[in-house]
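Here is how names work: the chains are called A, B, and so on, in the same order as the sequence lines, proteins then strands, and each is numbered from 1. The basis for the numbers below is simple: all heavy atoms, side chains too, and nothing from hydrogens, waters or symmetry mates.
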Amino acid sequence: MLAQALEQYAASFTDEDVSQQIKDLSPHIERARDTKFGDFASNAAMMLTKIAKQKPRDIAESIIAAFPENELIQESSIAGPGFINFRLKPEIFQQELQQVLNQASQYGCQASKGQKVLVEYVSANPTGPLHVGHGRHAAYGASVCNLLKTAGYQVHGEYYVNDAGRQMQILATSTWIRYLALSGIELTFPVNGYQGDYIIEIARLLKEKHSDKFVFDSDKIFSDLPDDEKIVGGVKTGDKDKYIDALALRTKELIGEDGFQIVLDAALDSILSDIKDDLHEFGVVHDEWFSERRLVDDGLIKHALDKLEANGTVYEKDGAKWFKATDFGDDKDRVVVRENGVTTYFASDIAYHLYKRERGNHLLLDILGSDHHGYIARVKAGLEAMGEPPESLEVRLMQFAVLYRGKEKVAMTTRGGDFVSLRELRNEVGNDAARLFYVMRSNEQHLDFDLELAKKRDNENPVYYLQYAHARICRVFKTLTEKDYVYDESAGAENLHLVDSDSAYKLISFMSRYPEIIELSAANRAPHTLVQYLRDLSAEFHSFYNSDKVIVENDNLRNARLYLLKAVQQVLQNGFAIIGISAPEQM
RNA sequence: GCCCCGAUAGCUCAGCUGGAUAGAGCGUUUGCCUCCUAAGCGAAAGGUCGCAGGUUCGACUCCUGCUCGGGGCACCA
C-alpha cells in the first residue's frame, strides 16, 4: 500500500534518477510508539528528504495524497518531523480478538519454519546437585525452547552429560574416601575432592549395599603419595591436582577397575537422578540426555578425528596430535590427542557437535556460561574443518548469577560444598518466582539474585503482578456466576464495537502485538522481551479494570467486555506457559 | 598483552536492530475502595544514556579510541 503511494509519488518527478532512487527505498512501517499517534507509523518521508530535496512534511503530504483507498485504514496523518501515522479501522482489532479465542492456546504460534534446532543447555557436570547458576541456564534454556517452538521451529532440547573423564575419577575417589571414613579409617579429605554432604550420603548407601568390601588399611592407601596442597603460614606446599590423580590411581589399584566402576556408577546415578528430579520439578524437561561415553562407545570421536585428518587439518608435534585451528580463525592450534594417546575434551566437543549436525539439525544452539566464550571460535573452527558451516553453531553466553543474602554475597563453589542449590532456592522463593526472576534479565546481563528480596511475598515481587492480572479475570467470571449472569460468547463477539473506551482500545491494541512479540523474542533468543510485554499487558489490563466495570446491567456491553477479558486471559496463559510460570485462578 | 560482556533515574533493569517528549518496577511525595480482589489504578518529583571523537536529515542504538567493573585466554573438564 505504502509502496503504491510511493510509486505514484516517484512518478511525480520528471528526473528519472530521482524517481528510481525513490522506488528503490524500502521504508519501514512499524508500530507507533504511542497509541496517541495512531497504530502504525512510517518513516518514508524522512528517508526521502535528501533525494527529493523537499521538506519531510511536504513529502509526507504528497504521499498521503497518493494513498489508495482501502478497507484497513481509518485515517492517516502527519506528525513530528514527518512521520506518517495510520490508524486502523476498529474492525481489524475486533477480528484479532476473535483470533485469540478461536486459536486459544495456539494463538501466537507461527507457521512451521521447517528448521530443526538443537538447543543444548544446563549440561552441568554430574558431580553434585545443581546450584543457582545452573538454575538460570535451566530457566532460560527452557523458555528459549518454548519460544522457538512457538515461533515455528522444530526444537530438541538436550543435556550433555559429562560422565567420562577426570572429574568422574575425582568423584569416585571422593566417594570412596567418604566411604572409608564411615568404615572408621582415619584420614584427611583431599583438598581437591568433592566435599559436599551429598557425597557422604552416597557413601552411606554404598556402605549399606557393599558393607566392607572396599575397605583397606590407611597404610596401604596413603603410602608413597605426593603431598596434598597445604597452606602453612601463608606458604603453599604440595599439589592438589597431582595428589588427587595419584589417589584416584591408588583407588583403582586397591579396589580394582570393577570396584571403581561400582563406586563411580553409584555416585553418578545418584547425582544424575537428583539433577533430573530437580529440573523436572522446576518444569524444565530435556528431550534427551546425551552421555559423553557414547562418543567413545559409538566411535564418534574417531569419526570426527578421521574427518579432520581426511581434510589435512591435523599434524603431529611433541608426540601429540594437533588440529590446525588457526587456519579457521582461531588464535591457536588445539591438541586433539595427547602425548599419552588420550583424546582431549576438545576432541569430544567437536565430535559431539558434528554428531548433532549429522542428526539433521539446521541450527545448533548452545547455551553456555560466559566463561566458555573461548570455546566458540575453536568449535566453529572444528565444524568448518569437518565440512560443516560455522554459522550452524550459535552460542548464547549466560553471564553469572551472583547470589546475595541482603547485602552479603554468598560464596558458591561445588568443591567446597558451601553453596546454595537450585532446590533450596526453589523451596525458598517458589518455582514461579525463580523462573521469572531468572529470565527477567537479558542473558548478557549479570544477575544479582537477592534471596532476601525474592523471598518477600509482597508486591515487590513482580511475579505477583502478572499472576494477579490473571487471577482477577478469573475472579470476575466467578462473581458473574454468583450474580446469576451467564456469559454469552457469541453475544460478546457481536457487540465488540461497544467496547470503545480509551483504555479498552489501548488494551486490545497492545494485546494484538502478541504474535509480533513472540517472533521478536524468539529471533533474539530473548525471553525477557516477552516478560516485559506480559508485564505491560498486565498493566494495560489493570488500567482497564479500574476504569471500565465489566459486570454491568447492559447484556450486550457486559458480554462484549467479558469477551475481551477472555482474550486477555488467554494471551496471559500462553505467555506464562512459555516462561514456565503458573496461571493461578485466585491469589 | 589479546578476546567476550556490561556501564541508561536514588536502586534493579528495558529500550523492539537508526526515529517523535529516553521507559518500567522498587523507593520518595500524593490522590482513589457504600462499586467485579487496593497483590490494583491515577498524578508528581527524579536523566550530561561512562568519557571523547566520527558516520547520518536524525545516534542510547552503528564505527574508532579511552576509563571503570565482570569473565576468559591448558596436552583440566
Side-chain angles (χ1 to χ4, degrees), chain A residues 28 30-34 37 41 43 46-50 55-56 79-83 85 125 127 162 164-168 170 241 292 317-322 331-332 334-340 342-346 348-349 369-377 397-400 402 440-448 450 453 457-465 467-469 471-480 482-483 503 513 516-517 519-521 523-524 526 528-529 531-533 535-536 538-539 541-552 561-562 565 586-587:
Chain A
H28 293 272
E30 46 195 23
R31 286 280 180 170
R33 195 191 193 100
D34 194 310
F37 296 127
N43 60 351
M46 272 127 59
M47 290 175 73
L48 291 171
T49 47
K50 204 171 189 181
K55 287 179 190 165
F83 283 97
N85 293 325
N125 282 348
T127 52
N162 288 117
R166 180 164 173 261
Q167 297 311 318
M168 287 296 105
I170 297 175
D241 285 310
E292 185 185 357
K317 194 180 94 184
D318 305 332
K321 284 190 179 179
W322 295 70
D331 9 318
K332 28 185 115 155
R334 307 290 172 180
V335 172
V336 285
V337 184
R338 279 176 272 235
E339 208 177 343
N340 62 13
V342 180
T343 54
T344 57
Y345 180 80
F346 172 65
S348 300
D349 234 13
S370 60
D371 53 335
H372 285 67
H373 108 268
Y375 300 105
I376 303 172
L397 293 177
M398 188 69 74
Q399 293 296 320
F400 283 11
V402 183
M440 244 168 29
R441 304 280 141 76
S442 154
N443 59 297
E444 288 173 352
Q445 191 74 239
H446 290 251
L447 178 67
D448 290 340
D450 184 351
L453 190 82
R457 301 212 158 244
D458 58 22
N459 61 348
E460 276 182 55
N461 202 332
V463 73
Y464 293 117
Y465 187 79
Q467 294 184 325
Y468 182 50
R472 247 183 168 177
I473 294 172
C474 295
R475 182 66 217 180
V476 171
F477 280 92
K478 261 181 210 154
T479 308
L480 186 76
E482 284 163 18
K483 291 190 172 174
S503 58
R513 293 190 58 178
E516 298 161 38
I517 294 294
E519 190 68 42
L520 179 71
S521 176
N524 292 339
H528 77 273
T529 302
V531 173
Q532 200 84 19
Y533 169 81
R535 184 205 277 273
D536 291 343
S538 301
F541 162 71
H542 286 307
S543 188
F544 167 77
Y545 180 91
N546 270 270
S547 65
D548 295 15
K549 192 164 155 49
V550 176
I551 303 177
V552 290
R561 285 185 176 160
L562 286 168
L565 253 56
Q586 60 181 36
M587 296 183 73

Give one of base, sugar-phosphate or nothing for A:Glu339, where a contact means two heavy atoms less than 4.0 Å apart. base

Give me the stems containing RNA chain B, sorted by first residue, counting only three or more consecutive Watson-Crick or G-U pairs with both distances under 3.5 Å; say none if there aren't any. B:1-7 with B:67-73, B:10-13 with B:23-26, B:28-32 with B:40-44, B:50-54 with B:62-66

Closest to the side chain of A:Thr529, out of B:G15, B:C13, B:C36, is B:G15

B:A45 and B:A9: how far apart are their C1' atoms, nearest whole angstrom? 11 Å

Looking for any heavy atom pair under 4.0 Å, which part of the strands does A:Asp318 touch: base, sugar-phosphate only, or nothing? base

Of all residues at least two apart in sequence or in a different chain, which pass the salt bridge (Lys or Arg N to Asp or Glu O under 4.0 Å) check with A:Arg472? none

I'd like the P distance from B:G6 over to B:G18, given in whole Å. 16 Å

Please identify each residue that fulfils ring pair (Phe, Tyr, Trp, His ring centres under 6.0 Å) with A:His528, with sequence neighbours left out. none

All side-chain contact (heavy atoms from CB on, under 4.5 Å) counterparts of A:Asn443, not counting sequence neighbours: A:Tyr140, A:Arg396, A:Met398

Qualifying residues under ring pair (Phe, Tyr, Trp, His ring centres under 6.0 Å), relative to A:Tyr545, sequence neighbours excluded: A:Phe541

Across nucleotides 67-73 of chain B, 5' to 3', mark each nucleotide with B, S or - according to how protein heavy atoms within less than 4.0 Å reach it. ---SBSS

Select base, sugar-phosphate, or nothing to describe what A:Asp548 touches, counting heavy atoms under 4.0 Å on all strands. base

For A:Glu339, salt bridge (Lys or Arg N to Asp or Glu O under 4.0 Å) partners two or more places apart: none

Proximal nucleotide (of B:C36, B:C75, B:C4) relative to the A:Arg475 side chain: B:C36

Under a 90° cut-off about 0 for the syn range, is B:U17 syn or anti? syn

Can you tell me, in whole Å, how much space there is between the C1' of B:A24 and that of B:C16? 15 Å

Conformer about C1'-N of B:C73 - syn within 90° of 0, anti elsewhere: anti

Hey, does the side chain of A:Asp318 reach the backbone of A:Ala320 with a donor-acceptor pair shorter than 3.5 angstrom? no

For A:Asp349, enumerate each residue passing the salt bridge (Lys or Arg N to Asp or Glu O under 4.0 Å) test, keeping only those at least two apart in sequence or located in another chain. none

With sequence neighbours excluded, residues passing side-chain contact (heavy atoms from CB on, under 4.5 Å) with A:Thr479: A:Arg475, A:Lys483, A:Ile551

Considering only the C1' atoms, how many Å lie between B:U17 and B:U48, rounded to the nearest integer? 25 Å

Any ion pair linking A:Asp448 and A:Arg441 (charged N to carboxylate O, less than 4.0 Å)? no

Assign A:Asp536 to base, sugar-phosphate, or nothing according to its heavy-atom contacts below 4.0 angstrom with the strands shown. nothing

Could you run down the sub-3.5 Å N/O contacts of the protein with nucleotides 41-45 of chain B?
{"residue": "B:C41", "atom": "OP1", "partner": "A:Tyr465", "partner atom": "OH", "Å": "2.4"}
{"residue": "B:C41", "atom": "O4'", "partner": "A:Asn546", "partner atom": "ND2", "Å": "3.0"}
{"residue": "B:G42", "atom": "OP1", "partner": "A:Ser543", "partner atom": "OG", "Å": "3.2"}

Would the distance check show the side chain of A:Thr344 and the main-chain N or O of A:Val335 forming a donor-acceptor pair, the cut-off being under 3.5 Å? yes

For A:Glu516, answer base if it contacts any base atom (sugar-phosphate contacts may also be present), sugar-phosphate if it contacts only those atoms, and nothing otherwise; contact means non-hydrogen atoms under 4.0 Å. nothing

Report the nucleotide, chosen from B:A14, B:C75, B:U17, that has the shortest atom-to-atom distance to any side-chain atom of A:Ala320. B:C75

Is there a donor and acceptor pair, one atom on the side chain of A:Arg561 and one on the base of B:C36, closer than 3.5 Å? no

Rounded distance in Å - NZ (A:Lys317) to P (B:C75): 10 Å

Sorted by chain and number, sequence neighbours left out, ring pair (Phe, Tyr, Trp, His ring centres under 6.0 Å) with A:His372 holds for A:Tyr375

Sticking with atom P, work out how far B:C4 lies from B:C13, rounded to a whole angstrom. 23 Å

May I have the distance from A:Gln532 (atom CD) to B:G15 (atom P), rounded to whole angstrom? 7 Å

Taking the same atom, C1', in B:A39 and in B:G25, what whole-Å distance lies between them? 14 Å

What nucleic acid atoms does A:Ser442 come within less than 4.0 Å of, heavy atoms only: base, sugar-phosphate, or nothing? sugar-phosphate

Measure the distance from CZ on A:Arg166 to P on B:A74 and round it to the nearest whole Å. 16 Å

For B:C36 and B:A22, measure between their P atoms and round to the nearest Å. 39 Å

Indicate whether OP1 or OP2 belonging to B:A14 is found under 4.0 Å from a side-chain N or O atom of A:Gln445. yes

Pairwise C1' distance, B:C26 and B:G40 [rounded to whole Å]: 16 Å

On RNA chain B, nearest-nucleotide positions of A:Glu444 versus A:Ile551: which is more 5'? A:Glu444

A:Arg441 CZ to B:C26 C1', in whole Å, measures 11 Å

Checking A:Glu519 now: which residues fulfil side-chain contact (heavy atoms from CB on, under 4.5 Å) with it, not counting sequence neighbours? A:Gln110, A:Lys113

Is the backbone of A:Val336 close enough, under 3.5 Å, to the side chain of A:Thr343 for a donor and an acceptor to pair up by distance? no

Just to be sure I understand the rule, does A:Ala377 reach a base, reach only the sugar-phosphate, or reach nothing, if contact means heavy atoms closer than 4.0 Å? nothing

